[in-house]
Amino acid sequence: MTFGLAFLGDGAGVVLLAAADAQSRSGAPGSYLLFWAGLVLIFVPSAAVLLLSDRSREARLAVALGLGLALYLAKVVYEPTAFTYHDEFAHYRNASNLLASGQLFGYNPLIRTTAYYPGLAAATDALVRLTGLSVYTGGLILIGCARLTLVGALFLLTDELLGSARAAGTAVVVYAANPNFLYFDAQYGYESLALPLAILAVFFIARQ
């Protein structure tokens, strides 16, 4: 499996997922088949490069990042205009409170405990104030960067511990096969930001 085909599969797979979501919203048939075809196009070529090829460490890392980003975009095309998960509404409220008041720990009637963990809201607030983007768009960018951090840190940590780029690629493939990776860990929620930062911290500790 060539390096370029993995990225081509990523792009084609995301297009098929977007088509599947559009058909599902309209009630047209065939969305289920398109959805699984999209996931196969994303996952199989990248997994082949990471598990079976003799590509360099840098090439494997690039393919791993492409896989992580493509699977994140599966969540983005599912809800392209607004957050829709329950937890996302709560964190959206936290970010909106912070933007409006400038104060952390604002009251949140949706999930009250989330207000006591303001890291996601604070990061979103900084990005929105710097760029002028909406909370939704800023949140997408923030969690997308977190997804790339997670995949990259996991790859580098495994490579650091085992001294094998193939093992690092295998770790990414196994982790990406976790059902929560596709949607739950891609939502606008504090675990989507906290987990990548935790893995990154472990990587830095391992390098000491």
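All figures in this text were calculated on a predicted structure; none of them were measured in a lab.
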- Message: For a 4.5 angstrom cut-off between non-hydrogen side-chain atoms, does Leu195 reach Leu150?
- Response: yes

- Answer whether the closest heavy-atom distance between the side chains of Leu39 and Leu71 falls below 4.5 Å. yes

- Item | Val14 reachable from Val172 in the ILVMFWY side-chain graph, under 4.5 Å edges | yes

- Contacts of type side-chain contact (heavy atoms from CB on, under 4.5 Å), residue Ala82, not counting sequence neighbours: none

- Task: Would you list the pairs meeting side chain to side chain donor-acceptor pair (under 3.5 Å) in which at least one residue belongs to residues 128-155, sequence neighbours left out?
- Result: Asp125-Arg129, Ser134-Thr137

- Set of side-chain hydrogen bond (donor to acceptor under 3.5 Å, both in side chains) partners for Asp159, sequence neighbours left out: Arg57

- Task: Using a cut-off of 6.0 Å, state whether more than 12 heavy atoms not belonging to Tyr116 lie near its atom OH.
- Result: no

- Task: Nearest 0.5 Å please: distance from the CD1 atom of Ile199 over to the CG atom of Leu156.
- Result: 11.5 Å

- Item | ILVMFWY network linking Leu154 to Val174, side-chain heavy atoms under 4.5 angstrom | no

- Message: Does any part of the side chain of Tyr78, heavy atoms only, come nearer than 4.5 Å to the side chain of Phe35, both counted from C-beta?
- Response: no

- Task: For residues Gly106 and Asn97, report the shortest heavy-atom separation together with the two atoms involved.
- Result: C-ND2, 4.1 Å

- Could you tell me the separation between the CG atom of Asp21 and the OG atom of Ser26, rounded to the nearest 0.5 Å? 11.0 Å

- Message: Are there over 12 heavy-atom neighbours, none belonging to Tyr117, within less than 6.0 Å of that residue's OH?
- Response: no

- Residue pair Leu120 / Asn94, side-chain heavy-atom distance below 4.5 Å: no

- Treating Ile, Leu, Val, Met, Phe, Trp and Tyr as nodes and any side-chain heavy-atom pair under 4.5 angstrom as an edge, say whether Val135 and Ile111 lie in one connected cluster. no

- Message: Show me the pairs that pass side chain to side chain donor-acceptor pair (under 3.5 Å) and involve residues 182-194, at least two apart or across chains.
- Response: Thr124-Tyr188, Gln187-Glu191

- Qualifying residue for side-chain contact (heavy atoms from CB on, under 4.5 Å) with Cys145, from Ile141, Leu142, Ile143: Ile141

- Task: For Pro80 and Val77, work out which heavy atoms get closest and say how close.
- Result: CD-O, 3.5 Å

- Message: In the structure I gave you, are the side-chain heavy atoms of Phe43 and Val173 within less than 4.5 Å of one another anywhere?
- Response: yes

- Query: Quick check: are there more than 12 heavy atoms from other residues, nucleotides or ligands sitting under 6.0 Å from CZ of Arg112?
  - Reply: no

- Item | Donor-acceptor under 3.5 Å (Arg166 side chain, Leu50 main chain) | no

- Message: I'd like to know if the side chain of Arg60 reaches the main chain of Val49, judged simply by a donor and an acceptor atom lying under 3.5 Å from each other, with no hydrogens or angles considered.
- Response: yes

- Query: So do the side chains of Arg55 and Val63 get within less than 4.5 Å of each other, counting heavy atoms only?
  - Reply: no

- Would you sort out whether Phe89 and Asn108 count as a side-chain contact (heavy atoms from CB on, under 4.5 Å), showing the intermediate values? CA-CA 10 Å; Phe89 294 145; Asn108 189 334; over 6 Å; no

- Query: Do Trp36 and Leu73 belong to the same hydrophobic cluster, where Ile, Leu, Val, Met, Phe, Trp and Tyr are linked whenever their side-chain heavy atoms lie under 4.5 Å apart, directly or via other members?
  - Reply: yes

- Note on the structure: Value for CG (Leu69) from OH (Tyr72), rounded to nearest 0.5 Å, stands at 9.0 Å

- Between Thr114 and Ala90, the two heavy atoms sitting closest are OG1-CB, 4.2 Å

- Item | Residue that, paired with Thr170, satisfies side-chain contact (heavy atoms from CB on, under 4.5 Å) out of Leu162, Thr158, Leu51 | Leu51

Listed pairs under 3.5 Å, donor-acceptor, residues 4-13 side chains, sequence neighbours left out:
residue: Asp10; atom: OD1; partner: Ser46; partner atom: OG; Å: 3.4

- Query: Would you say Leu110 and Phe105 are hydrophobically clustered, going by side-chain heavy atoms of ILVMFWY under 4.5 Å?
  - Reply: no

- Item | Residue pairs involving residues 80-109 (criterion salt bridge (Lys or Arg N to Asp or Glu O under 4.0 Å); sequence neighbours excluded) | Lys75-Glu88

- Heavy-atom distance under 4.5 Å between the side chains of Ile42 and Leu17, does that happen here? yes

- Item | Distance (rounded to the nearest 0.5 Å) between Leu33 CG and Gln23 CD | 9.5 Å

